[in-house]
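These notes are about the structure you will find just below.
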Protein chains: 2
Amino acid sequence: MRIGELSRRTGVHERLLRYYEEQGLLHPRRSPNGYREYDEEDVDTVRRIRSLLAAGLNTAAIATILPCLREDGDRLVPTCPGLLADLHRERDRITRSIADLQTSLRALDEVIAAAPPEVARRALGG
Amino acid sequence: MRIGELSRRTGVHERLLRYYEEQGLLHPRRSPNGYREYDEEDVDTVRRIRSLLAAGLNTAAIATILPCLREDGDRLVPTCPGLLADLHRERDRITRSIADLQTSLRALDEVIAAAPPEVARRALGG
DNA sequence: TTGAACTCTCACATCCATGTGAGGGTCAAG
DNA sequence: CTTGACCCTCACATGGATGTGAGAGTTCAA
């Protein structure tokens, strides 16, 4: 499919799809007229990219991880074993991010729980 | 303490401390000569800011959360009850980020586990 | 043919987090 | 007084992610 269709199906603007290609996250083929041709699986790939960006990873980290998250049927395929050390590094970074976020989440929960009931009603009731 | 000392004690550059103030994350007093005066607790506040930035939150989200993470002795004090709805929203966003990262972490672990043993040795041995 | 829809590349712009330097004030020690 | 260390504001710069428009090519139905 072409870039407009991928954009509609994923909700991601064309400009960003070209940027992700520029960053090595997407690899569309080209038609003889120069148009990009994407695969059906690129719809999932783009969604995964958005999810990882939203989680705070940058495009360089995502470029490392993505090729190894591609699925063949139901199973994950290690398509780039040469990057195992990189994957471990990314894994460690993700683990630290999760720990940081979980620490903040716990602290936030304590604050929310400590709020006086009438404050909670006012804040959530409107 | 002044900005240079806070910078040394936290390892965070002065430029960033001024930026965090600009973004509403820090609120130093001013001496008559215009110099910033930070409190002892600002050392922990700055470390918390760095941790949240590293976890992918931006300064706007941190400005929402921070005032409610301040500690009085051992307990957390809800110093801004009017922001309870905001806190819930931030909490939800953090929860989604954690879920996204955990999904990627699991997928990454499967790829790492699936790598052939000799590839693992080569990647980690040198 | 024509026009609309779609696509291409390129370049500039914005915001964010961060880095650096200019120009100048403050103050304690010598 | 002078000096060095510290501080102030302001402005420009960088890289990343994102947004927008110019100029032009492609394709197909009317």
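In what follows, every chain begins at residue 1, and chains take the letters A, B, ... in the order their sequences are listed.
- For the pair A/His13 and B/Glu14, nearest-nucleotide mapping onto DNA chain D gives the more 5' position to B/Glu14.
- Atom CG in B/Asn58 sits about 15 Å away from atom P in D/dA17, given to the nearest Å.
- Residue B/Thr59 places no side-chain N or O under 4.0 Å from the OP1 or OP2 atom of C/dC16.
- In this structure, CD of B/Glu5 is placed 14 Å from C1' of D/dA5, rounded to the nearest angstrom.
- Contact detail for B/Thr59 and B/Leu25: the closest heavy-atom pair is O-CD2, 3.4 Å.
- Distance from the side chain of A/Ile3 is smallest for C/dC8 among the nucleotides D/dA17, C/dC8, D/dC7.
- Residues B/Arg18 and B/Arg36 come closest through the heavy atom pair NE-NH1, 3.5 Å.
- Considering all non-hydrogen atoms of both residues, A/Arg2 and A/Tyr35 come closest at CD-CD2, 3.5 Å.
- Between A/Arg30 and C/dT9 there is a side-chain polar atom (N or O) within less than 4.0 angstrom of OP1 or OP2.
- Atoms CG (B/Leu25) and C1' (C/dC16) sit 13 Å apart, rounded to a whole Å.
- In terms of heavy atoms, A/Ala54 sits closest to B/Ser97 at O-OG, 3.7 Å.
- The residue among B/Leu57 and B/Asn33 whose nearest nucleotide of DNA chain C lies closer to the 5′ end is B/Leu57.
- Close to C/dT18, at under 4.0 Å from its OP1 or OP2, lies no side-chain N or O of B/Tyr19.
- When the side-chain nitrogen and oxygen atoms of B/Tyr20 are compared with OP1 and OP2 of C/dT18, one or more of them lie within a distance under 4.0 Å.
- Residue A/Arg18 is classed as a base contact, given a heavy-atom separation below 4.0 Å to a base.
- Distance A/Glu22 CD to C/dC8 P: 13 Å, rounded to the nearest Å.
- Closest contact between the side chain of B/Tyr35 and the listed nucleotides C/dC16, C/dT26, D/dT18 involves C/dT26.
- The phosphate of D/dC7 (OP1 or OP2) has no side-chain N or O of B/Arg36 nearer than 4.0 angstrom.
- For the residue pair A/Tyr38 / A/Arg9, no side-chain donor-acceptor distance below 3.5 Å is found, with atom types taken as modelled.
- Contact annotation: B/Arg15 side-chain N/O to D/dT9 OP1/OP2 distance is not under 4.0 Å.
- In this structure, of C/dA17, D/dG19, C/dC8, it is C/dA17 that holds the atom nearest to the side chain of B/Leu53.
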